[in-house]
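As a basis for the values below, the full set of heavy atoms in this structure was taken, side chains included, without hydrogen atoms, waters or symmetry mates. In each ligand, atom 1 is the first atom listed, and ligand 1 is the first ligand listed.
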Amino acid sequence: MTETAKTATLSFDGKSFELPMHSPTAGPDVIDIRKLYADAGVFTYDPGFTSTASCDSTITYIDGGAGVLLHRGYPIDQLAAKSHYLEVCYLLLYGELPTAAQLEDFELRVTRHTMIHEQMHNFFRGFRRDAHPMATMVGVVGAMSAFYHDSTDISDPWQREVASIRLVAKMPTIAAMAYKYSIGQPFVYPRNDLDYAANFLHMCFSVPAEKYEVNPILSRAMDRIFTLHADHEQNASTSTVRLASSSGANPFACIAAGIACLWGPAHGGANQACLEMLKEIGSVERIPEFIARAKDKDDPFRLMGFGHRVYKNFDPRAKVMKQSADEVLDLLGIEDNPILQVAKELEKQALEDPYFAEKKLFPNVDFYSGIILEAMGFPTSMFTPIFALSRTVGWISQWKEMIGDPQMKIGRPRQLYLGETERDYVDVEDR
Ligand code: CMC
């Protein structure tokens, strides 16, 4: 394994403990504390996991200081420019770029699974029309475990493979159906002659009454959004998927847990929150007021789409996304859109402000993705579902890696208990 000759020494109460260390292929060394409690009788304390590696992984590497994001070693900007989403899915799932024949076979397998069980249509209809599409997705993806029993046995590698393909293939169909249901339009069946991104646009924007041509520039931009969100190592939703699956739960239940976690505004919900914030700001003149609020410690307001736990110089995904936003807005002829004006000016003013510079707060991927999605015609409520469908392959790749690891253990963090010590129960009349 990766264990080195180096060790770390932990000393307290006059005792010393030698801790083994690991050298990763990239990134900082890691102190192995797995035996710490057994040997020294203490826990470590790290809420938010800012200094804790929860697993070892070979899938994605991030150097937050240098703004580097690699999938299986390949830089995200090269993948965004030269590859496409399904090829990146293959790379994440199987570890290497596919040959032409492998890619063709993979695309065929995904395409064959794009439809969902017809009875699931009834399941959608049980939701209120005004349900957030993320609420619908959490429910429907969880319900896949009730429809696809032949791919829930996690001890069978073939069933794991089938579940993986099913999830990648069906997620756009489920997200598009959640959208169609919310606007009262008929569900649109997938079209397997279209590529992955074009098919998603078709399922979202076509209606049976009219012919719909997918604009290739928009489908390319859609594909790039999927690619840029495909995986991001051990973020909150991925860690949720890993923790849920560590108990042996089926993959559909685990991915539903990941979707639920992604929904929060500090994570995947930031793209919706960011666009809503830009709309609330409304005009360039009001930007200083919002920047002042973001800096005010007594105001919980934060600039949505700014900051990242890991990236402390720039988010490499944001760079590509910004370029894509320019292309899409140019194509659609909406460069003078007021939201875009606010976004551009907000970015400029925040980057010039010492508060944001000192705290290393830069626009993240969600700052620009919402602008593109809005220009394409998606309502803000669809932004996070689109993130969820893109990230599904990352969740599954990490899930497969974990299940395939013979050292897998149930995840069970410890705690620093600060509550009452043992005390006797007091009868209600004596309290
Ligand atoms: N606006 C204003 N101040 C901020 C912001 C912000 N967006 N983000 C962080 N800060 C401040 C924060 O108040 C804190 O200040 P202090 O040290 O004085 O207490 C300091 O910067 C560090 O913040 P933190 O919350 O300790 O940092 P974190 O690593 O725990 O949080 C974050 C990272 C992404 C949750 C946070 O930057 C944030 O809430 N950003 C806005 C939401 C957002 O855009 N999220 C999308 C992230 S990218 C996509 C994804 O991963 O899903």
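- Less than 4.0 angstrom separates atom 27 (O) of ligand 1 from none of the non-hydrogen atoms of the protein.
- At a heavy-atom distance under 4.0 Å, only side-chain atoms of Lys297, from C-beta outward, approach ligand 1.
- Side-chain N/O atoms of Gln272 and Glu276 include a donor and acceptor closer than 3.5 Å.
- Around atom 12 (C) of ligand 1, the closest heavy atom drawn from Met277, His308, Arg302 belongs to Arg302.
- Of the protein's heavy atoms, at least one falls inside 4.0 Å of atom 42 (C) of ligand 1.
- With a heavy-atom cut-off of 4.0 Å, Leu361 touches ligand 1 through its side chain alone.
- Heavy atoms of Tyr355 found under 4.0 angstrom from ligand 1 belong exclusively to the side chain.
- The aromatic rings of Tyr311 and His232 lie tilted to each other, with the angle between the two planes from 30° to 60°.
- Near Gly268, meaning under 4.0 Å from one of its heavy atoms, ligand 1 places the atoms 52 (O).
- Thr60 pairs in a side chain to side chain donor-acceptor pair (under 3.5 Å) with only one of the listed residues (Glu233, His71, Gln398), which is His71.
- Every atom of ligand 1 with a heavy atom of Ala270 under 4.0 Å away is listed here by number and element: 43 (C), 44 (O), 45 (N), 46 (C).
- Polar contact with ligand 1: present for Gly305 (N/O pair, distance under 3.5 Å).
- Note on Lys400 versus Glu161: salt bridge recorded, some NZ/NE/NH1/NH2 to OD/OE distance being below 4.0 Å.
- Of all atoms in ligand 1, listed by their number and element, those nearer than 4.0 Å to a heavy atom of Ala266 are 45 (N), 46 (C), 47 (C).
- The shell of residues lying under 4.0 angstrom from ligand 1, judged by heavy atoms, excludes Asn235.
- For atom 30 (O) of ligand 1, the closest non-hydrogen atom on the protein side is Arg309 NH2, 2.9 Å.
- Heavy-atom separations between Phe387 and ligand 1 include at least one value shorter than 4.0 Å.
- Heavy atoms of other residues, nucleotides or ligands lying less than 6.0 angstrom from CD of Glu289 number more than 12.
- Contact annotation for atom 16 (P) of ligand 1: protein present (non-hydrogen atoms, distance under 4.0 Å).
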